[in-house]
Amino acid sequence: MSTFLLLVPFLAVVILNLLPKRARVAAFAITFLVLALETAAAFVARFVAVDWSFLAPVERVLGFGLSLDHLGGLLLLCAGIVGMAALLVGRRTLAEASERFMFANLVLVALVGINGIAMVRDLFTLYVFVEVTAVATFILITLRHGGHAFEGAWKYVILSAVASVLMLSSVALLLLSVGGISLDEVKTALATPGTLTWVAIALFLCGLFVKGALVPFHGWLADAYTAAPAPVSVFMAGIVTKASGIFALLRIASSCLGGALPGREILLVVGALSIVVGAFLALGQSNMKRMLAYSSVSQMGYIVLALGGDLRLGIVAAALHFFNHAISKSQLFANAAAIEERLGTLDMDKMGGIAARMPVTAGTTAVATLSIAGLPPLAGFWSKLLIVMALWDAKEYAFAAVAILASLVTLAYFLSLQRRVFFGKTLPEWAAVREAGVGLLVPAVALAAITVVLGIGFPFALRVLLGGGA
Amino acid sequence: MAIEIPQSFWLYFIFFALLLVDGLWCMLATRNLVRILIGVEILMKSVTFLLIVAGYFSGRMALAQALVITVIVIEVVVVVVVAGVILGLFREHDSLDVENTREMKG
């Protein structure tokens, strides 16, 4: 199974490039199929027992020591759904055939990395797959030259390089102090920790904070998201930053940090800082994509904060918020793509009263923003509730209060977005604007439906997603 | 299992730290994009060196060797992509000044 998850996207890239030039229009269909398979794989791993032993010879050759668990399955599910949404957005917004072909290829390469991240069992392999994902993303940002594409990519590239240095020096120090780099060995070593081990772990966490754009390492995120073409920002916001930064943190917290205190303290402080700083930065933006980017910083802070709470509940809460936010944020970027396509601008000060002209876009945006802000009964409410409960159980009352109060700021900046873009009287210059095409509405409506259904059917969904972990 | 770290390790560690500071200085003291890339490379070299030293002192040279080779391969890919980004910036602005990457605000 785990070998398949790496080989299928890789072989798909090979096949795409072997296609004759005229047949390259099929690239999107093939990539879509791979992503659909990926979504299915998340459920196969959970419900169907398949005998994979016939793959044993291949796995001996490729021996990465990978294995898939519930948490990994969740990442596969997110990657599949978000990837399909990004492809649908790309179909509409990428004009040239060559751009579309490259987009399909790079999404598949990034998928190899994401699948790897879902299954790693040691820190160095984690670094390798994070880097695979990142390299594909650097190129994706510059997919369309001009604008500030290279500037956004440059910032991401340089900060990523710094993150690599941090993670690799951590691997070296762990090799020295623990004698091994697998998650199990590190966990055993942390039971009787030395200073060097903790320094190494802290360095690795800092590397992942850069990749996940948490405060104080968030400088690159808004520029990279804003500079990227619309489908790329859907893909990046939905899955790339989350897989390579936040999911890796989830993995480390769940399988080797335990409830040990210095590690928890780092997560709590960085999480709370990200929540507050991200929310206030979002409040001051007038570019829609920039506001969404800073809102991402803030929401990823919630996920990290949850990891600092009560361990068992915290992991469940973090995983659930991870899923909710991946769905809602990629949907909001798809909405932004629809608005940009019709209005030709993302400056919110120039918009006004779009709701009358684009009712579906306005409605789905409302669902996603309210879900992220944590209004019941949408999916985001439940995950935030669980986060606060996890913090309360760990007796971190101050941090729980930060989480609740920052929710109000979240609501404030999203209401400001709604008011400036959608509400009020339609400005005369937008009187002739029509609703976005079906190609852009399908992903938005589908993702909004997931948010609503998950919110209403929450108890059942929790059991399906996490195998009764709560 | 914890490993006793011999005194001689710190000699190597000082060299690693010097290389690290050198790379950081190279990144921060210049406005030229190519020089920043060189600084990043020096940083990566310092870490590669630390990996080798860690492998030697922990007695897991074979593992360290595998890691270092992988790191070198990844590094090559990253350098190619960064060089591509620098080329793009150069074609856009006709200069290698790092000021060109500070236009976005907010």
Side-chain angles (χ1 to χ4, degrees), chain A residues 124-125 127-128 131-132 134-136 138-139 141-142 145-158 160-162 164-181 185 188-189 192-194 196-197 222-224 226-227 281 284-287 290-291 293-294, chain B residues 1-3 5 9 13 16 20 23-24 27 33 36-37 39-60 63-64 66-68 70-71 73-75 77-82 84-93 98 100-106:
Chain A
F124 185 77
T125 319
Y127 159 76
V128 171
E131 205 72 357
V132 169
V135 166
F138 300 153
I139 310 173
I141 297 174
T142 58
H145 300 186
H148 292 290
F150 287 110
E151 184 185 336
W154 170 258
K155 284 177 183 161
Y156 188 21
V157 158
I158 292 302
S160 269
V162 174
S164 303
V165 170
L166 288 170
M167 285 193 267
L168 281 175
S169 36
S170 155
V171 166
L173 291 179
L174 281 175
L175 199 58
L176 203 64
S177 73
V178 178
I181 46 173
E185 282 170 300
T188 329
T192 52
L196 194 57
T197 317
D223 290 342
T226 319
L281 281 173
Q285 299 303 320
S286 62
N287 181 310
R290 277 193 102 79
M291 175 184 272
Y294 281 120
Chain B
M1 60 173 180
I3 292 168
I5 299 171
F9 166 74
F13 191 82
F16 155 74
L20 192 79
L24 280 177
M27 273 177 80
L33 295 173
I36 295 179
L37 173 59
V40 169
E41 278 308 286
I42 296 175
L43 278 181
M44 289 298 282
K45 291 297 172 293
S46 74
V47 176
T48 317
F49 174 73
L50 186 66
L51 270 174
I52 298 170
V53 175
Y56 175 73
F57 281 102
S58 62
R60 298 191 67 173
L63 178 64
L67 302 191
V68 165
T70 319
V71 169
V73 172
I74 292 175
E75 221 184 315
V77 178
V78 172
V79 168
V80 169
V81 175
V82 180
V85 173
I86 293 177
L87 192 63
L89 280 167
F90 179 70
R91 285 194 180 148
E92 220 164 80
H93 302 279
V98 76
N100 296 329
T101 67
R102 286 182 193 151
E103 286 168 1
M104 295 172 107
K105 292 272 154 30

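Order of the sequence lines sets the chain letters (A, B, ...), proteins ahead of strands, with each chain counted from 1.
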Task: Residue part contacting chain A, namely of B:Glu103, when any heavy atom lies under 4.5 Å - done: both
TODO: Examine whether an atom of B:Leu20 lies under 4.5 Å from a heavy atom of chain A, and if so say whether it belongs to the side chain, the backbone or both; otherwise answer neither.
DONE: side chain
Task: Contacting moiety of A:Val157, where chain B heavy atoms sit under 4.5 Å - done: side chain
Task: A:Leu168 and B:Met44, any side-chain heavy atoms less than 4.5 Å apart - done: yes
- [ ] Sort B:Ile52 into side chain, backbone, both or neither according to what part of it lies under 4.5 angstrom from a heavy atom of chain A.
- [x] neither
Open item on the list: Measuring from atom OG of B:Ser58 to atom CG of A:Leu173, what distance do you get when rounded to the nearest 0.5 angstrom?
Closed with: 11.0 Å
Task: Heavy-atom side-chain contact between B:Asn100 and A:Trp154 under 4.5 Å - done: no
Open item on the list: Taking side-chain hydrogen bond (donor to acceptor under 3.5 Å, both in side chains) as the definition, give me every residue that meets it alongside A:Ser169, ordered by chain and number, with sequence neighbours left out.
Closed with: none
- [ ] For each of A:Ala172, A:Ala227, A:Gly194, A:Gly284, tally heavy-atom pairs with chain B at distances under 4.5 Å, and name the one with the top tally.
- [x] A:Ala172
Open item on the list: Given heavy-atom pairs under 4.5 angstrom as the criterion, report whether the side chain, backbone, both or neither of B:Phe9 touches chain A.
Closed with: side chain
TODO: Calculate, to the nearest 0.5 Å, the distance between atoms OG1 and CG belonging to A:Thr142 and B:Leu87 respectively.
DONE: 11.0 Å
- [ ] Run the numbers on B:Leu67 and A:Ile181 for side chain to side chain contact (heavy atoms under 4.5 Å, CB included), then give the verdict.
- [x] CA-CA 11 Å; B:Leu67 302 191; A:Ile181 46 173; 4.0 Å; yes
Open item on the list: Return the NE2 to CZ distance between A:His148 and B:Arg102, rounded to the nearest 0.5 Å.
Closed with: 15.0 Å
Open item on the list: Report which part of A:Ile158 has an atom under 4.5 Å of a heavy atom belonging to chain B: side chain, backbone, both, or neither.
Closed with: side chain
Open item on the list: Is B:Ile74 close to chain A through its backbone or its side chain, or both, or neither, when contacts mean heavy atoms under 4.5 Å?
Closed with: side chain
- [ ] Go through the atoms of B:Val85 and report whether side chain, backbone, both or neither lie under 4.5 Å from a heavy atom of chain A.
- [x] both
- [ ] Determine whether B:Thr70 and A:Phe124 make a side-chain contact, defined as any pair of heavy atoms from C-beta on separated by less than 4.5 Å.
- [x] yes
Task: Nearest non-hydrogen partners of A:Lys155 and B:Thr101, listed with the distance - done: CE-O, 3.1 Å
Task: Heavy-atom contact with chain A under 4.5 Å, split by part of B:Arg91 - done: neither
Task: Engaged part of A:Leu196 at the chain B interface, taking heavy atoms whose separation is under 4.5 Å - done: side chain
TODO: Considering only heavy atoms and a distance below 4.5 Å, find which of B:Val80, B:Leu37, B:Val78, B:Leu33 pairs most often with chain A.
DONE: B:Leu33
Task: Largest heavy-atom contact set with chain A, pairs under 4.5 Å, which of B:Val73, B:Leu63, B:Val53, B:Val71 - done: B:Val71
Open item on the list: Do B:Val47 and A:Met167 have side chains that approach each other closer than 4.5 Å (heavy atoms only, starting at C-beta)?
Closed with: no
Task: Residues in ring-ring contact (aromatic ring centres under 6.0 Å, His included) contact with B:Phe49, at least two apart in sequence or another chain - done: B:Phe15
TODO: Answer yes or no: is there a donor N or O on one side and an acceptor on the other, between the side chain of B:Arg60 and the main chain of A:Gly179, under 3.5 Å?
DONE: yes
